[in-house]
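Since the structure comes first, as structure tokens, the remarks are kept for the end.
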Amino acid sequence: MKKISNHPTIVALRSKFDALPSRDQRAVSLLAIALVLGGAYFGVYYPIQQWHKEAVSDQTDTLADYQWLQDRAGRVMAIQQGNQQGQANTRDQSLSSIVSQSANSASIQLASLESLDDNRVRIRVQNGQMDAIMVMLGGLALTAGVNISQVSIDQGSEPGLVNANVDLSR
């Protein structure tokens with residue numbers, strides 16, 4: 001601390017401060033205090049407060065996502081159980097029939113079902129419910145080991161409805 005107080009710049013500023021009238025010294029002191037408090041607020045408190053708001057928002061979004069998944073878990077399980085009960089061994093069925101049965105059980109109208117080869121199909125859904133399509137695709141992955149190779153989803157004619165092109169493989 002002695003070295004800092006003996007620095008020529010500090011000595012010059014101190015002598016200028018001492019030369020000021022007492023009223024100006026008080027004003028400079030109050031200004032210095034205001035600058036320190038402002039720096040502490042905007043340099044420490046405000047960033048922490050913003051980080052906290054973002055963390056609370058992220059937590060709320062995550063909880064909403066988790067609740068959405070929990071709400072749909074029953075539908076996925078119903079599709080999974082329906083597929084397991086109706087299909088003792090899905091390996092013996094063609095991928096086209098597995099996808100068709102899964103779409104029917106999820107109440108999805110397929111606009112087209114195109115067989116690309118024995119282990120690949122392309123489906124197209126027009127104005128299908130996004131939730132139902134996701135549940136169907138999840139059920140296919142869980143019960144029949146179907147993989148999604150490519151997905152293209154566009155907005156449908158109404159909110160919640162989509163046009164989807166999906167390539168599936170096994």
Side-chain angles (χ1 to χ4, degrees), residues 31-170:
L31 180 62
I33 291 170
L35 286 174
V36 167
L37 290 176
Y41 177 79
F42 289 109
V44 177
Y45 179 76
Y46 186 74
I48 290 173
Q49 182 185 28
Q50 290 302 101
W51 174 81
H52 181 262
K53 282 182 182 179
E54 289 175 16
V56 168
S57 175
D58 289 348
Q59 180 187 21
T60 303
D61 292 346
T62 302
L63 287 174
D65 291 345
Y66 178 73
Q67 185 63 41
W68 183 87
L69 287 172
Q70 276 190 324
D71 291 345
R72 272 110 187 121
R75 289 178 64 188
V76 170
M77 296 304 286
I79 290 171
Q80 180 182 9
Q81 289 173 352
N83 285 341
Q84 286 175 349
Q85 290 171 357
Q87 303 171 14
N89 188 357
T90 59
R91 291 286 176 201
D92 295 340
Q93 293 182 322
S94 72
L95 184 56
S96 296
S97 72
I98 293 170
V99 171
S100 179
Q101 287 175 0
S102 182
N104 288 338
S105 68
S107 301
I108 296 173
Q109 295 288 335
L110 296 178
S112 70
L113 174 65
E114 177 184 351
S115 182
L116 302 174
D117 61 34
D118 289 343
N119 293 322
R120 289 184 6 189
V121 295
R122 178 175 292 142
I123 61 170
R124 195 175 93 229
V125 178
Q126 295 291 330
N127 288 321
Q129 290 185 352
M130 178 69 171
D131 291 348
I133 293 170
M134 291 297 115
V135 168
M136 180 194 77
L137 293 174
L140 284 170
L142 288 173
T143 60
V146 175
N147 297 315
I148 301 169
S149 304
Q150 186 175 7
V151 176
S152 171
I153 298 177
D154 298 316
Q155 185 177 5
S157 62
E158 297 178 20
L161 300 181
V162 296
N163 300 323
N165 294 311
V166 183
D167 288 356
L168 302 168
S169 63
R170 180 165 56 160

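Numbering starts at 1 and runs along the sequence shown.
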Short question: side chain of T62, backbone of D58 - any donor-acceptor pair under 3.5 Å? yes

Could you give the distance from OG (S157) to CG (N163), rounded to the nearest 0.5 Å? 7.5 Å

Mind listing the closest non-hydrogen atom pair of Q126 and A111 along with its distance? CG-CB, 3.8 Å

May I ask you to check whether over 12 heavy atoms, not counting those of Y45, lie within 6.0 Å of atom OH? no

From D131 CG over to M136 CE, what is the distance, rounded to the nearest 0.5 angstrom? 13.0 Å

Any chance you could measure S100, atom OG, to I123, atom CD1, to the nearest 0.5 Å? 10.0 Å

Please determine whether side-chain contact (heavy atoms from CB on, under 4.5 Å) holds for the pair L140 and V99, giving the CA-CA distance in whole Å, both sets of side-chain angles, and the decisive distance to 0.1 Å. CA-CA 7 Å; L140 284 170; V99 171; 4.2 Å; yes

Is the backbone N or O of V56 less than 3.5 Å from a side-chain atom of T60, with the two atoms forming a donor-acceptor pair by type? yes

Does a side-chain heavy-atom distance below 4.5 Å link I148 with D167? no

Tell me the closest heavy-atom pair linking S94 and S97, and the distance in Å. O-OG, 3.0 Å

Mind checking the CD-CD spacing from E54 to Q49? Nearest 0.5 Å is all I need. 11.5 Å

Would you give the length of the straight line joining atom CD of Q50 to atom CD1 of I48, rounded to the nearest 0.5 angstrom? 11.5 Å

Nearest heavy-atom neighbours spanning R170 and A144: CD-O, 3.7 Å

Mind listing the closest non-hydrogen atom pair of I133 and A164 along with its distance? CD1-CB, 4.3 Å

Among N119, L137, L168, side chain to side chain contact (heavy atoms under 4.5 Å, CB included) partner for V146: L168

Any idea which heavy atoms bring S115 and S96 closest together, and the distance? CB-OG, 3.9 Å

Find the distance between CD (Q129) and CD (Q109) and round it off to the nearest 0.5 Å. 11.5 Å

